[in-house]
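Counting begins at 1 with the first residue of the sequence. Computed from a prediction, not measured in an experiment: that's the story for all the values here.
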Amino acid sequence: MQLKYAQGTEAIESKPSDGVGSHLNLENETMGRTSDIEDDVFDNLENMFKALGLCMMEIGLCLARICDMAIGGNELEQSLLESCAAKGRLIHYHSMVDSLVLREAGPKKGSSKRNANNHARSKENLLKGANLDTNGNEVRLREIHPNLWQQWHFDYGIFTLLTDPMFLLSSHRTTVKSEFSNSSGQECASPSGHSYLQVFHPNKNKVLMVKASPESFIVQVGESADILSKGKLRSTLHCVRRPARFENLSRETFVVFLQPAWSKTFSISDYPMEHYNPSVHHLEQAEDHYFADQDQNALTQEIQKIVPPLSARLKDGMTFAEFSRETTKQYYGGSGLQSNK
């Protein structure tokens, strides 16, 4: 297996290789950049991420092989080998305080009165624990699921492999300054011992918190694996929750996305309809959950409002490229369910 290492905008703009070897494109997905960090801090960073990324790719291939043996055929492993590409991301989830500092340090647009009102509203929302998107806009449904680092969604690849997250406690004070100032992060344990990754259990209609031991990997099943296995593997609806009362806490994780080739064609002829169009299935189950917890049912309904169903994003004969494009559009496009409005 070969590894392609890219940096900055080159990684974001790079396309899957047509070569025979498998490649891992590494991206740095942080919302800010500090220019005065000494270079020697990152001397061995590239080699470490290469080794870690290759290890995670091998785990994904082994897992695909095991799943193929259980469900029959070799569709998953073969799809990964044919893709010749994997995407690696070092993901930084900003603390609430850092998010506000970055927003204040960003370019100011519009009238000074409107900026002052937006600033006051943003500061109030952050200190109350409201969820903001990457542009600092208040995300809808904050009454139903506040304090989310990442909104509810499905991954649309085959497998997503994640390291057990690391948490950093910054030295920023909870009262935010008007001028940008650097913060130093001190590694700390998870406040609750959990990863703060949450998954939704569709059959039990419950939200579960994922707990992982240190030095372990977490593997999420993506929608492509669900489709290729004809529903025998279930994709994971998930989000990342922000701990309450920890305004200075950030979260770090390294993620490798394993996906099919862009030209891979999907067939839904043998795919279970209750997975393809879950809203009908949920209506049929309504009487069974009549006496269930009302708050949990409210959460389920709200999640359905912001997560587009598979039937709206996938049509028979679509390629993976078309499916991924339509999925991104319906989540985050101009009229998407999680777009900025």
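Heavy atoms of other residues, nucleotides or ligands lying less than 6.0 angstrom from NZ of Lys315 number more than 12.
At distances below 3.5 Å, at least one donor-acceptor pair connects side-chain atoms of Arg251 with backbone N or O atoms of Ser195. Here the side chain of Ser79 pairs no donor or acceptor atom with the backbone of Pro260 at under 3.5 angstrom. Asp226 contributes a side-chain N or O that, together with a main-chain N or O of Ser235, makes up a donor-acceptor pair within less than 3.5 Å. Listed for the Asp316 side chain is a donor-acceptor partner under 3.5 Å among the backbone atoms of Ile268. Judged purely by atom type and a 3.5 angstrom limit, Gln330 uses its side chain to pair as donor or acceptor with the backbone of Ala312. Using a distance-only test at 3.5 Å, with no hydrogens or angles considered, no donor-acceptor pair links the side chain of Trp149 to the main chain of Ser95.
Residue Leu148 is grouped with residue Ile306 when hydrophobic side chains (ILVMFWY) are merged at heavy-atom distances under 4.5 angstrom, including chains of intermediate members. The cluster map of Ile, Leu, Val, Met, Phe, Trp and Tyr, joined by side-chain heavy atoms under 4.5 Å apart, puts Phe159 and Leu52 in the same cluster. The cluster map of Ile, Leu, Val, Met, Phe, Trp and Tyr, joined by side-chain heavy atoms under 4.5 Å apart, puts Met273 and Met318 in the same cluster.
Ion pairing between Lys305 and Glu302 holds under the 4.0 Å rule for side-chain N and carboxylate O.
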Do any side-chain atoms of residues 61-77 form donor-acceptor pairs under 3.5 angstrom with protein atoms, and if so which ones, sequence neighbours left out?
unit_1: Arg65; atom_1: NE; unit_2: Glu77; atom_2: OE2; d: 3.0
unit_1: Arg65; atom_1: NH2; unit_2: Glu77; atom_2: OE2; d: 3.0
unit_1: Asp68; atom_1: OD1; unit_2: Leu76; atom_2: N; d: 3.1
unit_1: Asp68; atom_1: OD2; unit_2: Leu76; atom_2: N; d: 3.4
unit_1: Asp68; atom_1: OD2; unit_2: Glu77; atom_2: N; d: 2.9
unit_1: Glu75; atom_1: OE2; unit_2: Lys264; atom_2: NZ; d: 2.5

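Considering all non-hydrogen atoms of both residues, Phe154 and Arg313 come closest at CD1-NH2, 4.4 Å.
Two residues are said to be in side-chain contact when any heavy atoms from C-beta on lie closer than 4.5 Å; Tyr156 and Thr328 meet this criterion.
The aromatic rings of Phe323 and Phe320 are tilted relative to each other, their planes meeting at an angle between 30° and 60°.
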Open item on the list: Between Thr236 and His238, is the side chain to side chain donor-acceptor pair (under 3.5 Å) condition met? List the steps.
Closed with: CA-CA 6 Å; Thr236 313; His238 61 282; 5.7 Å; no
